[in-house]
Every structure is written in C-alpha cells, then in structure tokens.
K.L.:
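There's a structure below that I have some questions on.
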Amino acid sequence: MQTWFNPARGLEEAIASLSSLEADFRPDVRIADPRFGDFQANGVLPYAKARKANPRALATELVSKLRGNDAFAGLSIDIAGPGFINFVLSPAYLLNWMGDYKTGADLARGLAASGSHETVVVDYSSPNTAKEMHVGHIRSTVIGETLARLLAIRGDKVIRDNHIGDWGTQFGMLIWAVKNENYDLDHPGENVIGELQDLYAKGYAHYKESDEAAAKVREELVKLQNGDAENLAIWEKITSASKGAFDKIYARLDIHFDLTLGESFYRDKVERIYRELTETGLAVESDGALVVFHPEHKRFATQPFIIRKADGASNYATTDLATILYRVEELGATDIIYVVDSRQSDHFEQLFLTVEKWFKAKGYRLPRLRHVSFGTVLGENGKPFKTKEGGTVKLRDLLDEAVERSLTIVTTKNPDLPEVEKRQIAEAVGVGSVRYADLSQNRTSDYVFSWDKMLALEGNTAPYLLYAVARIRSIFRKAELAPGQGEEGALPFETPEELALAKKLAAFGPAMDAVFGDLRPHLLANYLFELSGTFSSFYNANRVMGEAAPVKARRLILCARTLAVMETGMNLLGLRVLERM
RNA sequence: GUGGCAGUAGCUCAGUUGGAUAGAGCAGCGGUCUUCUAAACCGCAGGCCCCGGGUUCGAAUCCCGGCUGCCACGCCA
C-alpha cells in the first residue's frame with residue numbers, strides 16, 4: 001500500500017491526475033472536520049459552478065474513478081452534501097504510514113521533498129550596539145531563528161545574517177561621552193552595556209544642551225566616519241563589547257548567525273548606490289537630499305525614499321540598498337527575508353520597489369524580497385511598551401525571571417531530582433516559555449507584554465509540550481526500550497484515542513504546508529499543542545505497559561512517532577526537549 | 001489628509017485563504033491519581049464573529065459604505 005508523507009498533497013495530485021476534468025480543476029484537498037472524515041476535496045463545487053453543472057453528479061463520476069485506483073486502496077471515499085468528497089484513512093493505511101516515516105530524518109526528508117531549494121538570506125534580530133537587548137528584540141530574534149530553521153529543513157541553503165545597528169548617529173554622542181568621562185573601555189565593569197547606555201544618555205543630554213555642544217557631538221561622528229584613528233578605536237571597542245553581550249543572550253536562546261554584517265560593513269559601498277540610482281534616473285535631488293519617488297504609487301509619488309541626506313551622509317535606506325546588492329552578488333541570494341516590525345512596512349515597500357526598478361535597469365538578477373512583519377510589543381495600556389519607570393524590560397531579566405519561576409515549580413513538583421537537573425529543567429522550561437509565548441501567537445498581531453502571560457506555565461505553553469515529551473520518554477525508560485524498538489507484530493490501530501493520535505501524526509505535513517504558506521510559525525505551535533493534547537488523551541485512556549504484545553507494539557509505535565514529530569517541531573521552534581520534568 | 005493593521009466567548013487569542021453545526025487556553029462549575037509523571041485527563045457552561053448593505057449553492061473570511069483602536073508618512077532605524 002502506497003502512503004503519502006503529506007496525505008493532503010498526495011490526494012491533491014492523485015485526484016488531479018485521475019480526473020478527466022479540464023485543466024483548471026483543482027481538487028482543493030484539506031483537513032476535514034473529524035465528523036465527516038480525515039480529508040476532504042471541495043474542488044468540484046467551484047468547478048461545477050463555473051460551468052453551471054451539477055456538482056453532485058461530477059463528484060459521483062470522479063469518485064467512481066478514484067475507487068478503482070490502487071493509490072486509493074487504503075482510503076474510504078464518499079460524497080456528502082452538494083459535492084464534498086470525504087476521505088477516511090484506514091487503520092492499515094495509518095500503520096503503514098508509521099512504518100514509512102519513523103525518525104526525525106524521515107520527517108525532514110518528507111518536508112524537503114516539497115521544498116524549492118533556494119539560497120535564502122534571513123535578516124533578523126538586528127539589535128543596536130551599545131544598547132541592552134530588551135523585550136522589543138525578542139520577536140525578530142525568535143521568529144527569525146525559527147524561520148531559518150524551517151527553511152533549512154525544507155532544503156533551502158539558509159544564510160543567517162545579523163544586520164546590527166553599529167554605524168548610527170548614536171556614536172557621536174557615545175564617543176563624546178566616552179572621552180568626556182574618560183571611560184576606560186579596556187577595563188570595563190561587569191555590566192559594560194549598562195555603562196555604555198548611561199554614557200549615551202549623558203552624551204544625549206549634552207547634545208541637547210546647546211548648539212555649541214551639539215556641534216561638538218556631531219564633530220565626533222564626522223571624525224569617526226572620516227576614519228579618525230582614535231574614534232575608530234573607541235567604536236571598535238564598543239562594538240566588540242556589544243557583540244559579547246549579544247552572544248550571551250544568543251547562546252541562551254540557541255541562536256547562531258552565519259554572518260554579522262552590520263551597517264558599518266556597507267559604509268564603503270554606498271557610493272555605487274548613489275551613482276547607479278542617479279545614472280538610471282531613479283534618484284533625484286530634493287531639498288538637498290537624494291531621494292527616489294515612485295510616480296505610479298499613490299503615496300510614494302510624493303513620499304520620498306531618502307537615500308542620501310542633505311548633509312551628505314547615508315542612512316538606513318542607503319545601507320539597505322547596498323546590502324541587497326551584496327547579498328545577490330556576493331552571497332548568491334535568490335531570496336531575502338526581513339524579519340522586522342510592521343511599523344517599517346512603508347520603508348520595505350519603498351526599498352523593494354526601488355530595487356526592482358534599479359535591478360531591471362542594470363540587468364541584475366532580482367531576488368525574491370519579503371518583509372516578514374510582526375506586531376509591536378505593547379504595554380498593558382495598549383501603548384508601546386515601557387516599564388513604570390519609563391524604561392524597557394531587559395531580555396536578560398525576563399529570561400532570569402522565567403527561569404526562577406520555573407525552578408520554584410519544578411522543585412515543588414519533583415523535589416527528588418538532583419539539583420543540577422532541576423536547574424537544567426528550569427532553564428529549558430523558563431527560556432522555552434518566553435520563546436513559545438511569542439511564537440505561538442500570530443506574528444502579525446500586536447503583542448501585549450505581560451509578565452504573567454510571558455511566564456504562564458499552563459495551557460498552550462512550552463511546558464505543556466515538554467510534559468508530553470517527558471511522559472513519552474518515561475514510558476520508554478520504564479519499558480527499557482529505545483524509541484523504535486518493540487514494534488514487531490503490531491496490529492492496526494483500534495481505539496478512538498489511537499486512531500485520533502495516528503491521524504494527528506499524519507497531519508504533520510499539511511500543518512507544515514500551512515506554516516510555509518505565509519511563514520507563520522504559530523501554526524506549527526498550534527499543531528504541536530494539538531498533538532500534545534491528542535497524545536495526552538491517548539495516554540490517559542490507553543495504557544502501553546502491561547498490554548498484550550500486539551497492542552503494546554502498536555502503542556509503542558504511536559509513542560515513538562509522536563516523540564519524533566514533537567522533537568522535530570520543537571527543535572524548529574527552538575525548544576529544548578527534556579527527559580524528565 | 002493618504003495608506004497599513006486590527007475588532008470573534010468575561011479575559012487572551014486560533015480559525016488551514018469562500019466550505020458542512022465558529023474553536024482553544026485562562027478564569028468559573030463538576031468529576032478523575034494503590035497502575036507508564038495529576039505541569040495531566042474527562043465533562044458542563046459560555047457567541048449580534050464591530051455595524052449596515054452586496055456578491056452566491058454557501059461569508060468570521062471576498063466587495064462597498066460606516067464606527068472604533070493602533071501604526072506609518074523628509075533627512076532616526
């Protein structure tokens with residue numbers, strides 16, 4: 001019996017190839033409401049509608065062809081209502097599926113089969129140097145990391161690039177303050193970033209004091225940009241200290257970049273941008289600045305895309321243009337994804353429009369450009385997030401708090417575990433909870449920050465998934481078997497809980513298709529939450545140990561496959577799985 | 001003003017791109033540990049899908065018009 005890794009896709013293709021309908025017929029197979037079946041094909045309805053035909057008759061004709069075909073041997077098929085075609089996977093089919101897709105590697109293979117194998121740059125996290133990472137950075141960082149992992153498992157060549165803000169106007173103030181305070185960058189204190197942030201605040205205050213003071217601050221920036229050795233040395237030390245602080249957070253979140261090419265990397269690449277955009281006629285002078293207008297666009301006909309400021313300096317539009325060129329020419333990117341806050345959607349729309357015209361004029365290969373946007377982190381009052389003191393919550397503090405709360409709980413629930421293991425569990429649960437709180441929500445909606453919500457440990461949260469995995473691990477530990485062992489002689493699934501779990505596992509492929517459709521990780525989180533729930537119901541209703549051999553074997557199969565799917569999915573979300581908790 | 005995003009159960013949110021009787025979690029009520037981890041499971045209750053039109057076999061979803069909230073819009077990123 002033939003099985004499809006992704007039954008929805010398999011059905012889609014098999015139905016299309018067997019039907020004698022015209023080419024515009026799309027079977028439109030999707031997961032069905034369990035009351036009607038496992039999958040349903042709805043495509044005959046719109047097809048019949050377009051031709052004023054009887055959908056029920058068309059469905060009947062189509063189904064008679066499917067029934068005689070080997071590909072549909074393990075499925076029951078029927079027609080309901082106006083022409084829905086419902087499919088139910090047989091227990092034997094499900095058992096076969098479990099035999100074909102056993103391990104994480106099998107699942108990865110199944111996923112990669114439908115990938116397009118691009119070279120894709122994922123641009124995410126992108127904090128500013130000399131500043132502490134705060135809750136505002138968490139979304140880009142964890143969503144970007146998950147997208148990178150998703151694309152990689154689908155078979156893309158992924159290049160993770162941390163486009164840090166290391167060349168902005170903040171350096172004028174920072175350098176001025178470092179000099180004014182005689183801050184010793186070679187022997188910084190414990191909390192370098194905190195101190196740098198204080199220095200920045202002093203520089204900023206000075207900048208605001210008077211015109212003369214502002215001029216001095218600007219002078220430091222100009223010196224830096226002109227390559228002044230002393231200022232460059234200060235800048236380098238600040239950058240290096242900042243990267244060190246970022247790396248601590250990244251290590252904790254298990255995030256790894258292939259490249260960290262910040263804005264400063266492109267500082268000698270902006271002249272070409274000015275030249276090419278001017279010579280292609282895209283950029284024009286306006287109020288002393290060099291800008292791009294898009295006459296065909298309702299707003300961008302008058303809302304400029306400023307690529308060189310009136311004072312001659314570059315800005316982020318310039319470096320973003322240079323960055324795209326670099327990624328295409330030097331990295332071979334066919335696809336570039338920006339994981340950035342939705343407030344910058346105008347910027348990206350202008351950027352992409354400009355690149356399209358520029359690349360077309362120069363005959364450069366145009367990559368696929370996508371802005372994967374996400375909502376803003378808001379406070380409880382619905383305004384952009386600030387603490388009561390007007391500051392931001394540091395990512396470090398958030399993670400520490402989460403781990404502390406988790407430690408309290410693990411100590412209560414499982415007091416006999418060794419201290420070291422309790423701490424490991426608390427770290428995985430705490431950090432995982434913060435991360436999952438973000439990933440389980442639709443990225444496009446705004447995010448209301450709340451300690452309780454971020455650190456919740458029940459319901460649709462990381463611990464719920466981790467707990468399901470720990471229970472499976474525990475079964476194998478008690479059975480003294482490795483996952484994958486003890487499966488011989490299994491009979492097809494029988495109980496409602498077994499069947500529900502088996503079907504949920506076979507729905508992994510369709511769930512992942514939805515995730516890739518619009519790059520929405522929360523659909524993976526939803527799926528894993530549902531899988532955990534289905535497993536928990538199974539666990540409570542059907543014992544594994546102590547059952548007759550054929551029953552035990554088939555339940556061990558379900559445990560092992562659930563484990564493989566959970567581990568694969570959780571790894572994509574960046575959650576570390578646990579043996580016990 | 002122009003444009004974008006959003007409005008679904010008391011609260012927080014899903015809703016597979018137009019499919020069948022709109023779903024979860026939390027909070028509430030009731031039940032389940034001598035048996036593989038009760039961080040769990042089972043059940044009950046909870047709805048003007050912002051409002052009004054339209055499109056069609058079918059609309060939370062698409063179109064038009066409103067209302068409300070948030071965001072962006074010349075030299076910050």
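Letters A, B, ... are given to chains in the order of the sequence lines, protein chains preceding strands, and every chain is numbered from 1.
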K.L.:
Give the nucleotide from the list B:rU2, B:rG74, B:rU16 with an atom nearest to the side chain of A:Ala514.
P.N.:
B:rU16
K.L.:
Can you list every side chain to side chain donor-acceptor pair (under 3.5 Å) pair that touches residues 462-473 of chain A, not counting sequence neighbours?
P.N.:
A:Arg473-A:Glu567
K.L.:
So, OP1 or OP2 of B:rC57: does either fall under 4.0 Å of a side-chain N or O from A:Lys49?
P.N.:
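No, because none of the side-chain N or O atoms of A:Lys49 sits under 4.0 Å from OP1 or OP2 of B:rC57.
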K.L.:
To the nearest Å, how far apart are A:Leu531 CG and B:rA24 P?
P.N.:
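Rounding to the nearest Å, CG of A:Leu531 and P of B:rA24 are 17 Å apart.
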K.L.:
With respect to the phosphate group of B:rG7, does any side-chain polar atom (N or O) of A:Ser445 fall under 4.0 Å of OP1 or OP2?
P.N.:
no
K.L.:
Have a look at A:Asn460 and say if it touches a base, only the backbone sugar-phosphate, or nothing, with a 4.0 Å heavy-atom cut-off.
P.N.:
sugar-phosphate
K.L.:
A:Ile425 side chain: which of B:rU16, B:rA39, B:rC73 is closest?
P.N.:
B:rA39
K.L.:
Please evaluate the base of B:rG25 for a donor-acceptor partner in the side chain of A:Thr461 within a cut-off of under 3.5 Å?
P.N.:
no
K.L.:
May I ask you to establish whether A:Arg267 and A:Trp167 are in a cation-pi arrangement, using a distance under 6.0 Å from NZ or CZ to the six-membered ring centre and at most 45° from the ring axis?
P.N.:
yes
K.L.:
Would you say B:rC41 has OP1 or OP2 under 4.0 Å from some side-chain N or O of A:Tyr464?
P.N.:
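The answer is yes; a side-chain N or O of A:Tyr464 sits under 4.0 Å from OP1 or OP2.
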K.L.:
Indicate whether OP1 or OP2 belonging to B:rC36 is found under 4.0 Å from a side-chain N or O atom of A:Arg473.
P.N.:
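Result: no.
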K.L.:
Starting at atom CD of A:Gln441, determine the distance to atom C1' of B:rC26, rounded to an integer number of angstrom.
P.N.:
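Roughly 14 Å, once rounded to whole Å.
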K.L.:
Taking atom types as they are modelled, is there a donor-acceptor pair under 3.5 Å from the base of B:rA72 to the side chain of A:Asp341?
P.N.:
no
K.L.:
May I ask you to establish whether A:Arg443 and A:Phe374 are in a cation-pi arrangement, using a distance under 6.0 Å from NZ or CZ to the six-membered ring centre and at most 45° from the ring axis?
P.N.:
no
K.L.:
Looking at A:Phe508, I'd like to know if the NZ or CZ of A:Lys504 sits under 6.0 Å from its six-membered ring centre while staying within 45 degrees of the ring's axis.
P.N.:
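No - A:Lys504 does not lie over the ring of A:Phe508 by the 6.0 Å and 45° rule.
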K.L.:
With a 4.0 Å cut-off on heavy atoms, is A:Asp452 in touch with a base, just the backbone sugar-phosphate, or nothing at all?
P.N.:
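Since no nucleic acid heavy atom lies under 4.0 Å of A:Asp452, the category is nothing.
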K.L.:
In terms of side-chain heavy atoms of A:Arg343, which of B:rA77, B:rA20, B:rC71 is nearest?
P.N.:
B:rC71
K.L.:
For B:rG19 and A:Arg30 - does any side-chain N or O of the residue sit under 4.0 Å from the phosphate oxygens OP1/OP2?
P.N.:
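Indeed, a polar side-chain atom of A:Arg30 lies that close.
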K.L.:
Is the closest basic N to carboxylate O distance between A:Arg561 and A:Glu487 below 4.0 Å?
P.N.:
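A:Glu487 and A:Arg561: salt-bridged.
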K.L.:
Phosphate oxygens OP1/OP2 of B:rA39: is one of them under 4.0 Å from a side-chain N or O of A:Tyr467?
P.N.:
yes
K.L.:
Look at all strands and tell whether A:Arg299 reaches a base, only sugar-phosphate, or nothing, counting heavy atoms closer than 4.0 Å.
P.N.:
base
K.L.:
Quick one: which of B:rC76, B:rC36, B:rG74 gets closest to the side chain of A:Ile475?
P.N.:
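For A:Ile475, the side-chain atoms sit closest to B:rC36.
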K.L.:
Looking at A:Ser537, does any N or O in its side chain come under 4.0 Å of the phosphate oxygens OP1/OP2 on B:rC42?
P.N.:
yes
K.L.:
Nearest to the side chain of A:Glu263, heavy atoms from C-beta on, is which of B:rA77, B:rG19, B:rA27?
P.N.:
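Out of B:rA77, B:rG19, B:rA27, the nucleotide with an atom closest to A:Glu263's side chain is B:rA77.
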K.L.:
Answer yes or no for this row: A:Phe84 ring on B:rA20 base, centroids under 5.5 Å, planes under 30°.
P.N.:
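Yes, A:Phe84 stacks on the base of B:rA20.
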K.L.:
Look at the side-chain N and O atoms of A:Arg520 and state whether any lies under 4.0 Å from the OP1 or OP2 oxygen of B:rG15.
P.N.:
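It does, given that an N or O in the side chain of A:Arg520 lies less than 4.0 Å from OP1 or OP2 of B:rG15.
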K.L.:
Ignoring backbone atoms, establish whether A:His522 has a side-chain N or O less than 4.0 Å from OP1 or OP2 of B:rC13.
P.N.:
no
K.L.:
Can you find an N or O donor on one side and an acceptor on the other, under 3.5 Å apart, linking the side chain of A:Lys453 with the base of B:rG25?
P.N.:
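Between B:rG25 and A:Lys453, which were checked side chain against base, a qualifying N/O pair under 3.5 Å is absent.
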K.L.:
Would you classify A:Ala32 as touching base, sugar-phosphate or nothing, given that sugar-phosphate means primed atoms plus P, OP1 and OP2, and contacts are heavy atoms under 4.0 Å?
P.N.:
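The residue A:Ala32 makes no contact with any strand.
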K.L.:
At under 4.0 Å, does any side-chain N or O of A:Lys52 touch on OP1 or OP2 of B:rC57?
P.N.:
no
K.L.:
Using both distances under 3.5 Å as the test, list the Watson-Crick or G-U wobble partner of B:rG1, or none.
P.N.:
B:rC73
K.L.:
Is the positively charged end of A:Arg154 above the ring of A:Phe516, judged by distance under 6.0 angstrom from the centroid and angle within 45° of the axis?
P.N.:
yes
K.L.:
Measure from the side-chain heavy atoms of A:Arg543 and tell me the nearest of B:rA77, B:rC36, B:rG74.
P.N.:
B:rC36
